[in-house]
S.K.: 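Have a look at this one.
These values consider heavy atoms only, across backbone and side chains, with no hydrogens, waters or symmetry-generated copies. As the structure lists them, so they are numbered: ligands from 1, and atoms in each ligand from 1.
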Amino acid sequence: MKSPRDTPEVTLVGAGLAGSLLAIFLARRGHRVTLLERRSDPRKTAAPASAGRSINLALANRGIAALEEVGVMEGVRAELIPMVGRMLHDEDGRLKLIPYGNKPHEVIYSVSRAGLNALLMNAAEATGRVAIRFGETVQGVDFTRHHVLPQETPYDVLIGTDGSASAVRAAILERTGGSLDEEPLGHGYKELSIPPADGGGFRMEKNALHIWPRGEYMLIALPNVDGSFTVTLFLPNKGVESFNALTTPEAVYALFERRFADAIPLLPRLGDDFFENPTGHLETVRCAPWSFEDHALVLGDAAHAIVPFHGQGMNAAFEDCSAFDRCLENPDRPWNEIFAEFERRRRPNTDAIADMALENYVEMRSTVREPKFQLKKDLAFRLEERHPGRFIPRYSMVMFHTLPYAEAQRRGAIQEEILDELTSRAASVDQVDFARADRLIAERLK
Ligand SMILES: Cc1cc2nc3c(=O)[nH]c(=O)nc-3n(C[C@H](O)[C@H](O)[C@H](O)COP(=O)(O)OP(=O)(O)OC[C@H]3O[C@@H](n4cnc5c(N)ncnc54)[C@H](O)[C@@H]3O)c2cc1C
């Protein structure tokens with residue numbers, strides 16, 4: 001006899017990063033999957049649009065773990081550029097590399113959003129159970145008749161992987177009377193581009209994430225396999241130095257000459273890029289509930305969009321897919337229980353990474369410049385060597401480990417107190433009282 005869950009076909013709205021990966025997980029469990037995607041097929045476009053989102057992304061351990069689970073990581077690996085640390089550019093153009101981790105394998109990877117999405121779509125279709133329907137924009141859901149609107153496409157089980165402005169989320173919240181909290185950051189972003197060097201190659205250090213931290217705002221750059229860098233300017237929306245104030249090419253160049261002078265020769269299309277590319281909006285989205293009865297669920301950015309400063313939105317969405325797959329282990333479990341279990345497991349963790357991502361903006365644009373930051377980073381690495389597996393710098397717990405985000409946040413707060421206490425009177429790591437450090441770690445980090 002068939003179990004209740006062998007039969008349902010799953011309809012996913014959104015064939016972005018989460019939707020394409022989730023389709024593979026579901027197909028492996030025997031489900032037929034239909035993906036409804038509003039874009040045209042990006043694999044058939046010469047220069048696929050990045051759907052208004054970043055052109056490249058940082059992929060880290062959580063994302064990699066999920067990609068490995070479905071066996072696509074080998075294909076992805078060829079497309080990756082390792083980034084070993086943050087390359088800081090100060091206002092005089094001096095460079096300083098701050099490594100991300102303490103061990104050679106502790107690196108993050110720059111990957112093309114379009115390339116990764118195409119690879120996942122191909123892998124999903126290759127299962128033979130997944131059909132992607134392009135040019136289909138979902139606007140609502142008729143939960144009474146189990147239909148997606150306006151297409152009138154019937155569904156058995158519906159999952160919204162339709163990103164931060166999710167239509168499926170809106171339908172669930174309307175039906176359940178749920179809550180939506182959209183917290184704008186007050187800062188936006190603009191993508192710019194550094195072309196490859198003449199004759200190929202990179203115009204800056206290839207294996208780093210470049211940052212120009214300027215206190216209230218910053219510029220960053222991630223490498224692409226063709227030798228170019230995608231540059232992102234993060235700036236307040238309003239104020240003296242803001243997107244609102246940059247209304248002419250002269251104003252843009254004046255800001256760059258004042259604050260990012262060493263980047264100007266690298267950005268031959270600065271003026272054009274600035275006015276041709278849209279200004280992106282940044283916010284944290286929290287909503288409840290994530291599901292409606294046994295009909296529908298949201299996952300990825302549709303459930304929990306976060307600001308991009310920890311490079312974890314996609315990684316968290318991929319971890320969602322893997323966590324959801326584990327909720328499907330018992331084939332007889334009803335879908336409402338599966339949805340509830342998923343939300344119970346994931347919400348504390350996605351709330352935690354939302355907070356940590358906001359904190360990381362301040363670290364990247366400001367704190368990273370302070371001598372105390374470097375001292376605490378050096379000390380954290382030394383403590384990790386003395387207490388492996390017990391004291392792990394918070395950045396490493398988030399990026400290089402897969403322990404739950406909420407646990408990384410909890411342990412990170414204790415560690416921060418320890419680091420503050422140990423460095424309150426130390427100017428260098430050599431001046432730190434390591435006997436006291438060992439005692440504090442033994443007492444507080446169980
Ligand atoms: C500037 C920036 C930089 C970032 N950098 C990083 C990073 O370095 N590392 C990282 O891990 N994350 C990063 N992120 C976050 C990451 O982009 C998201 O977390 C990730 O894309 C979420 O995947 P998703 O599939 O849930 O949503 P999306 O990638 O937004 O995919 C949603 C899909 O649904 C489709 N869709 C939307 N609405 C509908 C509809 N109504 N009907 C049909 N289809 C629809 C869209 O076309 C799209 O294909 C960054 C985000 C930004 C904005």
S.K.: Which of the listed options, D162, V307, D320, holds the heavy atom that is closest to atom 37 (C) of ligand 1?
M.R.: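 Looking at heavy atoms only, the winner is D162.
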
S.K.: Can you list every ring-ring contact (aromatic ring centres under 6.0 Å, His included) pair that touches residues 343-363, not counting sequence neighbours?
M.R.: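 Applying ring-ring contact (aromatic ring centres under 6.0 Å, His included) to every pair that reaches into residues 343-363, excluding sequence neighbours, yields H187-Y361, F309-Y361.
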
S.K.: Could you list the atoms of ligand 1 found under 4.0 angstrom from a heavy atom of L36?
M.R.: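 What qualifies from ligand 1 is 43 (C), 44 (N).
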
S.K.: My understanding is that only one of Q415, E359, E416 makes a side-chain hydrogen bond (donor to acceptor under 3.5 Å, both in side chains) with R394; could you say which?
M.R.: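 Filter result, single survivor: E359.
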
S.K.: Assess, by modelled atom type and distance only, whether the side chains of Y395 and E363 contain a donor and an acceptor separated by less than 3.5 Å.
M.R.: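 The criterion, which ignores hydrogens and geometry beyond distance, is not satisfied for E363 and Y395.
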
S.K.: Is the backbone of L299 close enough, under 3.5 Å, to the side chain of D320 for a donor and an acceptor to pair up by distance?
M.R.: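 No, because the side chain of D320 does not come within donor-acceptor range (under 3.5 Å) of the backbone of L299.
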
S.K.: So is there a nitrogen or oxygen of G311 less than 3.5 Å from a nitrogen or oxygen in ligand 1?
M.R.: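 Among all N and O atoms of G311, at least one is under 3.5 Å from an N or O of ligand 1.
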
S.K.: Centroid separation under 6.0 Å, is that true for the rings of F25 and F324?
M.R.: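 Judged by ring-centre distance (under 6.0 Å), F324 and F25 do not meet the cut-off.
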
S.K.: Check whether any N or O atom of R39, backbone or side chain, sits under 3.5 Å from an N or O atom of ligand 1, and answer yes or no.
M.R.: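 Min N/O separation from ligand 1 is below 3.5 Å for R39.
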
S.K.: Examine A317 against ligand 1 and note whether any of their N/O atoms are separated by less than 3.5 Å.
M.R.: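 The answer is no, given that A317 and ligand 1 share no N or O pair closer than 3.5 Å.
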
S.K.: Going by the atom numbers of ligand 1, which of them fall below 4.0 Å from some non-hydrogen atom of G16?
M.R.: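 Selected atoms, number and element: 25 (O), 31 (O), 33 (C), 49 (O).
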
S.K.: Enumerate the atoms of ligand 1 whose separation from the nearest heavy atom of A58 is less than 4.0 angstrom.
M.R.: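 The list of qualifying atoms is 7 (C), 8 (O), 9 (N), 10 (C), 11 (O).
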
S.K.: With a cut-off of 4.0 Å, which atoms of ligand 1 are near a heavy atom of M314?
M.R.: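 Checking each atom against M314, I get 10 (C), 11 (O), 12 (N), 15 (C), 16 (C), 18 (C), 19 (O).
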
S.K.: So is R86 actually on top of F373's ring, under 6.0 Å and inside 45° of the axis?
M.R.: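 No, cation not above the ring by the 6.0 Å, 45° rule.
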
S.K.: If the cut-off is 4.0 Å to any non-hydrogen atom of L17, which atoms of ligand 1 fall inside it?
M.R.: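 So the atoms of ligand 1 that pass are 21 (O), 25 (O).
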
S.K.: Among V138, L222, T232, which one has a heavy atom closest to atom 40 (C) of ligand 1?
M.R.: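 Among V138, L222, T232, the closest heavy atom to atom 40 (C) of ligand 1 belongs to V138.
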
S.K.: Answer side chain, backbone, both or neither: which part of L59 comes under 4.0 Å from ligand 1, heavy atoms only.
M.R.: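 For L59, no heavy atom sits under 4.0 Å from ligand 1.
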
S.K.: Quick one: do the T34 and E9 side chains pair a donor with an acceptor below 3.5 Å?
M.R.: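 Indeed, the side chains of T34 and E9 share at least one donor-acceptor pair under 3.5 Å.
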
S.K.: Considering distance alone, does some N or O of E37 sit under 3.5 Å from an N or O of ligand 1?
M.R.: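 Yes, since at least one N or O of E37 sits under 3.5 Å from an N or O of ligand 1.
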
S.K.: Would you please say whether a donor-acceptor pair under 3.5 Å links the side chains of N244 and S242?
M.R.: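 No donor-acceptor contact under 3.5 Å links the two side chains.
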
S.K.: Using side-chain heavy atoms (C-beta onward) and a distance below 4.5 Å, is K206 in contact with I81?
M.R.: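 K206 vs I81: side chains touch.
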
S.K.: With distance as the sole test, does D142 use its side chain to make a donor-acceptor pair with the main-chain N or O of H147 at under 3.5 Å?
M.R.: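 No; judged by distance alone, with no hydrogens or angles, the pair does not exist.
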
S.K.: Hydrogens and angles aside, do Q374 and D378 bring a side-chain donor and acceptor to less than 3.5 Å of each other?
M.R.: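 Distance-only check passes for Q374 and D378.
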
S.K.: Mind checking whether N117 has an N or O less than 3.5 Å away from an N or O of ligand 1?
M.R.: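 In fact, backbone or side chain, N117 has no N or O that close.
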
S.K.: Taking only heavy atoms of T161, which atoms of ligand 1 are found under 4.0 Å from at least one of them?
M.R.: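 Listed by number with element, the hits are 32 (C), 33 (C), 34 (O).
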
S.K.: Does the N or O separation between T137 and ligand 1 drop below 3.5 Å for any pair?
M.R.: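 No: no nitrogen or oxygen of T137 is under 3.5 Å from one in ligand 1.
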
S.K.: Under 4.0 Å, counting heavy atoms only: does R113 come that close to any atom of ligand 1?
M.R.: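 Under 4.0 Å: yes for R113.
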
S.K.: Can you find an N or O of N56 that's nearer than 3.5 Å to an N or O of ligand 1?
M.R.: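 Such a contact does not occur with ligand 1.
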
S.K.: Can you name the residues that form a ring-ring contact (aromatic ring centres under 6.0 Å, His included) with F400, not counting sequence neighbours?
M.R.: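 Applying ring-ring contact (aromatic ring centres under 6.0 Å, His included) to F400 gives none.
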
S.K.: Side chain or backbone, does G313 bring an N or O within less than 3.5 Å of an N or O on ligand 1?
M.R.: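 So ligand 1 has an N or O lying under 3.5 Å from an N or O of G313.
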
S.K.: Does an N or O from A18, backbone or side chain, lie closer than 3.5 Å to an N or O of ligand 1?
M.R.: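 Among all N and O atoms of A18, at least one is under 3.5 Å from an N or O of ligand 1.
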
S.K.: Tell me yes or no: between the side chains of D156 and W335, is some donor less than 3.5 Å from an acceptor?
M.R.: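 The criterion, which ignores hydrogens and geometry beyond distance, is not satisfied for W335 and D156.
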
S.K.: Could you tell me, atom by atom, which parts of ligand 1 come under 4.0 Å of a heavy atom of G300?
M.R.: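 Within the 4.0 Å cut-off of G300, ligand 1 contributes 26 (O).
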
S.K.: Which ligand 1 atoms, with their elements, are less than 4.0 angstrom from a heavy-atom of V13?
M.R.: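 Contacts of ligand 1 toward V13, numbered from 1: 42 (N), 43 (C).
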
